[in-house]
Amino acid sequence: MKIAYNKTPIDTIKGPNNSIDVFTSLDNSENIDSDVVKSFGEEWSKFAVHNDESVRELRKEYFDIVNETMVNKNTYMIDIGCGSGRWTDYFTDKAGFIEAIDPSDAVFAADNMLGKKENVRITKASVDTIPWPDETFDFGMSIGVLHHIPNTKQALIDCVKKIKKGGYFFVYLYYRFDNRGIIFKSVFYLSNIFRLVISRMPGVLKKIVCDILAAVVYWPLSRFAGLLHTLNLHGLAKKIPLEPYYNKPFYNLRNDCLDRFGTKLEQRFLKSEIEEMMKAAGLTDIVFGEKSAFWHAVGRKL
Ligand SMILES: C[S@@+](CC[C@H](N)C(=O)[O-])C[C@H]1O[C@@H](n2cnc3c(N)ncnc32)[C@H](O)[C@@H]1O
């Protein structure tokens with residue numbers, strides 16, 4: 001089902017299982033932040049294992065709005081910014097064939113996890129060097145990626161171009177707390193100062209600081225929210241920052257803490273802004289997930 005690249009690779013590198021064709025360098029991609037890409041290469045080398053029960057639960061949070069009409073055994077799909085390949089992995093027994101692309105060294109972790117699956121190909125490419133013709137894919141997704149790219153709106157347009165008419169595109173973008181109160185927003189803006197400092201630290205120090213933050217901030221806050229849930233105080237629990245982590249293992253807390261505080265470029269969007277960008281990219285019938293993670297949405301290409 002896979003189709004040939006429409007460009008010549010600039011290099012081919014050896015992954016743990018397969019040769020990986022390279023279409024992006026930090027020089028030939030315009031809509032890319034080189035520090036972000038380097039940092040994610042390191043992050044996914046550190047957090048490359050995602051096969052536990054809690055991650056299966058997290059997958060349900062994203063894909064509650066994806067159904068079998070959108071993804072089935074006839075679906076040719078693309079995962080843009082696949083990272084370690086954890087979400088590609090989720091779809092390997094649901095889709096026909098999956099192209100998983102990422103411009104960072106995360107492709108090595110992805111090849112390690114997915115390299116033996118017959119219906120996956122891993123490619124080193126960026127949103128603006130996707131090596132297939134326009135209107136190739138039945139379903140595309142980009143999860144937690146486009147907010148780390150300088151021009152998110154253009155990136156979404158470039159992704160949706162690759163989807164066939166009548167196909168679907170799923171996106172998860174960081175929300176700007178439009179459904180949260182003032183205390184929640186204030187905690188975020190305070191934490192953002194930490195991010196601006198931590199994300200500029202050298203790699204090893206950054207990882208140590210993020211592990212400490214996961215232990216002294218993420219863990220207590222999320223477990224306190226969990227305690228409130230146990231006491232049936234669900235409304236109150238939901239007001240606690242980091243509540244969505246209340247049932248996630250410490251490994252995920254460390255991973256997401258590094259993701260959040262280790263990344264220099266992070267943009268946040270209102271639901272209305274995401275809807276606008278999706279429409280501008282040519283999507284219609286847009287559906288947003290009403291539960292965390294915010295905001296995840298899927299639309300159909302006109
Ligand atoms: C937060 S990670 C998400 C990875 C994966 N989608 C997941 O949710 O596990 C963001 C990913 O976006 C990738 N990325 C950064 N800039 C990109 C670009 N210009 N084009 C495509 N992917 C990019 C990074 O290398 C990184 O693996």
Side-chain angles (χ1 to χ4, degrees), residues 20 22-52 54-56 58-63 66 77-91 98-114 120 122-132 140-162 169-174 195 199 210 248 251-252 254-268 292-293 295-296:
I20 300 170
V22 180
F23 292 87
T24 197
S25 72
L26 298 177
D27 303 329
N28 75 354
S29 292
E30 286 175 8
N31 203 3
I32 200 164
D33 183 299
S34 53
D35 288 337
V36 164
V37 168
K38 189 164 169 282
S39 166
F40 275 120
E42 291 166 6
E43 175 178 329
W44 293 119
S45 311
K46 183 171 166 165
F47 294 103
V49 182
H50 297 280
N51 55 5
D52 57 281
S54 71
V55 173
R56 273 196 283 277
L58 184 60
R59 288 164 179 171
K60 284 186 205 153
E61 288 182 20
Y62 285 118
F63 304 124
V66 174
M77 73 179 270
I78 182 165
D79 180 2
I80 298 167
C82 65
S84 65
R86 55 184 173 167
W87 306 128
T88 297
D89 189 32
Y90 171 80
F91 282 105
I98 312 177
E99 305 282 3
I101 72 162
D102 200 289
S104 80
D105 285 348
V107 288
F108 294 112
D111 186 44
N112 197 30
M113 184 195 285
L114 301 164
V120 175
I122 292 148
T123 301
K124 198 168 193 206
S126 154
V127 275
D128 53 358
T129 56
I130 299 175
W132 292 279
M141 62 181 188
S142 189
I143 301 177
V145 176
L146 305 185
H147 46 229
H148 295 305
I149 290 182
N151 186 340
T152 302
K153 184 175 178 187
Q154 183 57 48
L156 191 57
I157 290 171
D158 289 340
C159 292
V160 174
K161 261 190 204 158
K162 302 295 166 187
F169 194 77
F170 174 95
V171 68
Y172 163 61
L173 286 168
Y174 283 160
R195 181 180 66 79
S199 64
C210 287
K248 310 269 178 343
Y251 183 84
N252 292 83
R254 287 172 58 219
N255 185 174
D256 280 10
C257 190
L258 182 58
D259 203 296
R260 172 76 233 293
F261 287 93
T263 312
K264 264 193 204 168
L265 176 64
E266 168 194 293
Q267 309 191 61
R268 288 183 172 267
S292 173
W295 294 108
H296 60 289

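In listed order, ligands and their atoms are each counted from 1. Side chains are part of it too, since the values below use all heavy atoms of this structure and drop only hydrogens, waters and symmetry mates. A quick note: this is a predicted structure, and the numbers were derived from the prediction, not measured.
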Atom 9 (O) of ligand 1 [closest protein heavy-atom partner, distance rounded to 0.1 Å]: Arg86 NE, 2.5 Å

Nearest non-hydrogen protein atom, atom 12 (O) of ligand 1: Val145 CG1, 3.4 Å

Which residue and heavy atom of the protein sit nearest atom 10 (C) of ligand 1, plus the separation: Gly144 O, 3.5 Å

Polar atom proximity, Gly81 to ligand 1 (N or O, under 3.5 Å): yes

Salt bridge present between Asp105 and Lys38 (N-O < 4.0 angstrom): no

Atoms of ligand 1 close to Ser104 [distance to a heavy atom under 4.0 angstrom, numbered from 1]: 25 (O)

Any N or O of Ser84 closer than 3.5 Å to N or O of ligand 1: no

Nearest-contact summary for atom 16 (N) of ligand 1 - protein heavy atom, Å: Val37 CG2, 3.8 Å

Candidate with minimal heavy-atom separation from atom 7 (C) of ligand 1, of Phe40, Tyr172, Tyr174, Trp87: Trp87

Residue portion contacting ligand 1 (non-hydrogen atoms closer than 4.0 Å) for Ser142: neither

Donor-acceptor pair, side chain of Gln267 and main chain of Ile149, under 3.5 angstrom: yes

Modelled atom types, side-chain donor and acceptor of Thr263 and Ser199, under 3.5 Å: no

Greater than 12 external heavy atoms within 6.0 Å of Glu61's CD: yes

Note, Asn255 side chain near Arg86 side chain (heavy atom, < 4.5 Å): yes

Plane angle bin for Tyr90 and Phe63 - parallel if under 30°, tilted between 30 and 60°, otherwise perpendicular: parallel

For atom 18 (C) of ligand 1, the protein heavy atom that lies nearest, with its residue and separation: Ile149 CD1, 3.4 Å

Side-chain donor or acceptor of His148 paired with backbone N/O of Val145 under 3.5 Å: no

Sub-4.0 Å atoms of ligand 1 with respect to non-hydrogen atoms of Asn31: 19 (N)

Polar contact flag for Val127 and ligand 1 (N/O pairs, less than 3.5 Å): yes

Ligand 1-proximal atoms of Asp259, by part, heavy-atom distance under 4.0 Å: side chain

Polar side-chain atom of Lys162 near backbone of Trp132 as donor-acceptor pair, under 3.5 Å: yes

Under 3.5 Å: donor-acceptor pair, side chain of His147, backbone of Tyr174: yes

Expected output: side-chain Ser29 to main-chain Asn31 donor-acceptor under 3.5 Å: no

Per-atom contacts of ligand 1 with Gly83, taking only distances under 4.0 Å to non-hydrogen atoms: 4 (C), 27 (O)

Protein contact of atom 3 (C) of ligand 1 - nearest heavy atom, named by residue and atom, plus distance: Ile143 O, 3.5 Å

Heavy-atom closest contact (Met141 atom, Thr88 atom, distance): CE-N, 4.0 Å

Residue-ligand contact Pro103/ligand 1, heavy atom below 4.0 Å: yes

Mode of Asp102 contact toward ligand 1 - side chain, backbone, both, neither (heavy atoms, under 4.0 Å): side chain

Nitrogen or oxygen of His148 less than 3.5 angstrom from that of ligand 1: no

